Participant: 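The structure that follows is given in the form of structure tokens.
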Amino acid sequence: MSRLFLTLVLALTGAAQAQISPDTQEGAELRAFLLDTINEASSFKDRFDAEVWLLDMSGRLERFIDDPQHRLDLLRAVHQEAQAANLKPDLVLALIEVESAFDRFAVSSAGAQGLMQVMPFWKNEIGRPEDNLTDPYTNLRYGCRILQFYVEKEKGNLMHALARYNGSYGKYWYPRRVMDAWDRRWRAGNL
């Protein structure tokens, strides 16, 4: 990994402000973590796409999640589950912002849980009552597949699909909130 790239990574993750040098133990650990994160990002077309997207989104996500390692883990999982469900990862990030503000322990007044606010009855419906919806990976898998279902049902109409996801079909306050967050903070290129 080039020193310039590592400097950019450290700056975007806030590590540069904490005086972490790439030559220190912590810098070496962060470098190894980033390499593993990027190399494990199997949903990306190539390593460069992974580097660009993860660094860009990590900077955007910093206002919600302080820990750079946590950010990169979550971003890799979001990208993987979104791609597996044929969704735009940046749209999923916008939905998470609106649903839970990236709080994996969020619970709505209706009982929806986790990052994507999945209703617990789905666990029993698919015969997996032991699943933990506060686990980010589990929650992302459920949430992305549920959204995928609605996008397909609505033939790609995101406003209708998002309204169905929220249980407010026919009303557009929720889809507008997600679309606004997407446009304002998360919309990225075609990575």
Side-chain angles (χ1 to χ4, degrees), residues 33 36-37 40-44 50 53-54 57-58 60-154 156-182 184-188:
F33 175 79
D36 288 344
T37 299
E40 292 173 17
S42 60
S43 60
F44 290 93
W53 193 84
L54 289 168
M57 292 300 153
S58 180
R60 298 177 194 205
L61 187 56
E62 187 173 14
R63 71 183 291 162
F64 298 99
I65 299 173
D66 292 333
D67 181 357
Q69 290 185 348
H70 182 163
R71 284 197 309 269
L72 290 172
D73 282 344
L74 179 61
L75 288 168
R76 189 170 37 85
V78 166
H79 195 277
Q80 182 175 333
E81 292 303 327
Q83 291 290 98
N86 202 27
L87 299 170
K88 293 183 180 290
D90 46 322
L91 174 65
V92 172
L93 289 167
L95 184 142
I96 294 169
E97 176 186 337
V98 170
E99 287 288 350
S100 67
F102 295 92
D103 178 0
R104 65 180 267 203
F105 298 109
V107 178
S108 75
S109 59
Q113 299 176 355
L115 293 170
M116 294 185 74
Q117 292 292 279
V118 175
M119 291 299 288
F121 70 80
W122 284 112
K123 298 186 307 181
N124 293 328
E125 289 292 320
I126 64 171
R128 298 180 56 103
E130 71 284 354
D131 281 355
N132 178 0
L133 293 176
T134 63
D135 173 69
Y137 300 97
T138 302
N139 193 278
L140 288 166
R141 177 148 304 149
Y142 275 79
C144 286
R145 292 305 179 159
I146 292 167
L147 182 57
Q148 176 188 21
F149 173 80
Y150 289 132
V151 169
E152 290 173 3
K153 181 176 184 66
E154 293 297 335
N157 184 317
L158 290 178
M159 294 295 279
H160 291 179
L162 289 166
R164 284 188 184 279
Y165 184 89
N166 176 254
S168 59
Y169 189 70
K171 299 175 186 167
Y172 294 99
W173 61 268
Y174 175 81
R176 283 189 191 108
R177 285 182 63 199
V178 173
M179 298 303 273
D180 286 348
W182 191 23
R184 188 178 58 252
R185 190 173 349 276
W186 302 108
R187 193 180 293 265

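The structure displayed is predicted, hence computed values, not measured ones.
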Participant: Determine the minimum heavy-atom distance between Val178 and Ala94, stating which atoms define it.
Facilitator: O-CB, 3.6 Å
Participant: Can His160 and Tyr172 be counted as having a side-chain donor-acceptor contact under 3.5 angstrom?
Facilitator: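 Result is yes, a qualifying pair exists.
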Participant: Are the side chains of Asn166 and Val98 in touch, meaning some heavy atoms are under 4.5 Å apart?
Facilitator: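 Side chain of Asn166 against side chain of Val98, heavy atoms only: no contact under 4.5 Å found.
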Participant: Quick one: salt bridge (Lys or Arg N to Asp or Glu O under 4.0 Å) pairs with a partner in residues 115-124, sequence neighbours left out?
Facilitator: none
Participant: Rounded at 0.5 Å granularity, tell me how far CG in Leu95 sits from NZ in Lys88.
Facilitator: 15.0 Å
Participant: Return the set of residues passing salt bridge (charged side-chain N to carboxylate O under 4.0 Å, His left out) with Arg60 (not counting sequence neighbours), or none when no residue passes.
Facilitator: Asp56
Participant: Can you list every pair that meets salt bridge (Lys or Arg N to Asp or Glu O under 4.0 Å) and has a residue in residues 161-175, with sequence neighbours left out?
Facilitator: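 Non-adjacent pairs meeting salt bridge (Lys or Arg N to Asp or Glu O under 4.0 Å): Glu154-Arg164.
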Participant: Are Met57 and His79 packed together at the side-chain level, in the sense that at least one heavy-atom pair is separated by less than 4.5 angstrom?
Facilitator: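 The answer is no; the side chains never approach within 4.5 Å.
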Participant: With rounding to the nearest 0.5 Å, note down the distance linking CZ in Phe64 to CG in Leu93.
Facilitator: 10.0 Å
Participant: Scan residues 130-140 for pairs that pass side chain to side chain donor-acceptor pair (under 3.5 Å), counting only residues two or more places apart or in two chains.
Facilitator: Arg128-Asp131, Asp131-Tyr142, Asn132-Thr134, Asp135-Thr138
Participant: What is the distance from atom OG of Ser58 to atom NE2 of His70, rounded to the nearest 0.5 Å?
Facilitator: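 Ser58 OG to His70 NE2: 11.0 Å, rounded to 0.5 Å.
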Participant: Do the side chains of Leu74 and Leu140 get nearer than 4.5 Å, heavy atoms only?
Facilitator: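 Leu140 reaches Leu74 side chain to side chain.
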Participant: Sequence neighbours left out, what passes ring pair (Phe, Tyr, Trp, His ring centres under 6.0 Å) with Phe149? Give chain and number order.
Facilitator: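 None.
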Participant: Any idea which heavy atoms bring Pro175 and Ala163 closest together, and the distance?
Facilitator: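 Nearest heavy atoms, Pro175 then Ala163: CG-N, 3.6 Å.
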Participant: Looking only at heavy atoms, which two atoms of Gln83 and Leu87 are closest? And how far apart?
Facilitator: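 Heavy atoms only, the tightest pair is OE1-O, 3.7 Å.
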Participant: Quick test of your reading: applying ring pair (Phe, Tyr, Trp, His ring centres under 6.0 Å), list the pairs with at least one residue in residues 80-100, sequence neighbours left out, ordered by first then second residue.
Facilitator: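 Applying ring pair (Phe, Tyr, Trp, His ring centres under 6.0 Å) to every pair that reaches into residues 80-100, excluding sequence neighbours, yields nothing.
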Participant: Which value, rounded to the nearest 0.5 Å, describes the distance between Arg104 atom CZ and Ser100 atom OG?
Facilitator: 11.5 Å
Participant: Please list all pairs meeting salt bridge (Lys or Arg N to Asp or Glu O under 4.0 Å) that have one or both residues in residues 138-152, counting only residues at least two apart or in different chains.
Facilitator: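 As it turns out, the salt bridge (Lys or Arg N to Asp or Glu O under 4.0 Å) pairs with a partner in residues 138-152, which skip direct neighbours, are Glu81-Arg141.
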Participant: Looking at Asn124 and Pro129, what are the two nearest heavy atoms and their distance?
Facilitator: OD1-CB, 3.2 Å
Participant: So which pairs with a foot in residues 109-135 pass ring pair (Phe, Tyr, Trp, His ring centres under 6.0 Å), sequence neighbours left out?
Facilitator: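 Pairs touching residues 109-135 that pass the test: none.
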Participant: Using residues 109-118 as the side-chain source, report each donor-acceptor pair under 3.5 Å to any protein atom, sequence neighbours left out, with the distance given to one decimal.
Facilitator:
{"unit_1": "Gln117", "atom_1": "OE1", "unit_2": "Ser108", "atom_2": "N", "d": "3.2"}
{"unit_1": "Gln117", "atom_1": "NE2", "unit_2": "Ala106", "atom_2": "O", "d": "3.1"}
{"unit_1": "Gln117", "atom_1": "NE2", "unit_2": "Gly114", "atom_2": "O", "d": "2.7"}

Participant: Between Leu158 and Met179, which heavy-atom pair has the shortest distance, and what is it?
Facilitator: CD1-CE, 4.3 Å
Participant: Side chain to side chain donor-acceptor pair (under 3.5 Å) with Tyr174: which residues, sequence neighbours excluded?
Facilitator: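 Residues passing side chain to side chain donor-acceptor pair (under 3.5 Å) with Tyr174: Glu99.
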Participant: Can you find a pair of side-chain heavy atoms, one from Trp53 and one from Pro89, that are under 4.5 Å apart?
Facilitator: yes
Participant: Find the distance between CG (Leu75) and CG (Asp90) and round it off to the nearest 0.5 Å.
Facilitator: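 Result: 11.0 Å between the selected atoms.
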Participant: Got a sec, which residues hit ring pair (Phe, Tyr, Trp, His ring centres under 6.0 Å) with Trp186, two or more places apart in sequence or on another chain?
Facilitator: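 Result, ring pair (Phe, Tyr, Trp, His ring centres under 6.0 Å) vs Trp186: Phe102.
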Participant: I'd like to check Asn86 versus Val151 (side-chain heavy atoms, cut-off strictly below 4.5 Å). Are they in contact?
Facilitator: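 Asn86 does not reach Val151 side chain to side chain.
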Participant: To the closest 0.5 Å, what do you measure between CD (Gln148) and CD1 (Ile146)?
Facilitator: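 That separation rounds to 11.0 Å.
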Participant: Arg185: what forms a side chain to side chain donor-acceptor pair (under 3.5 Å) with it, not counting sequence neighbours?
Facilitator: Glu97
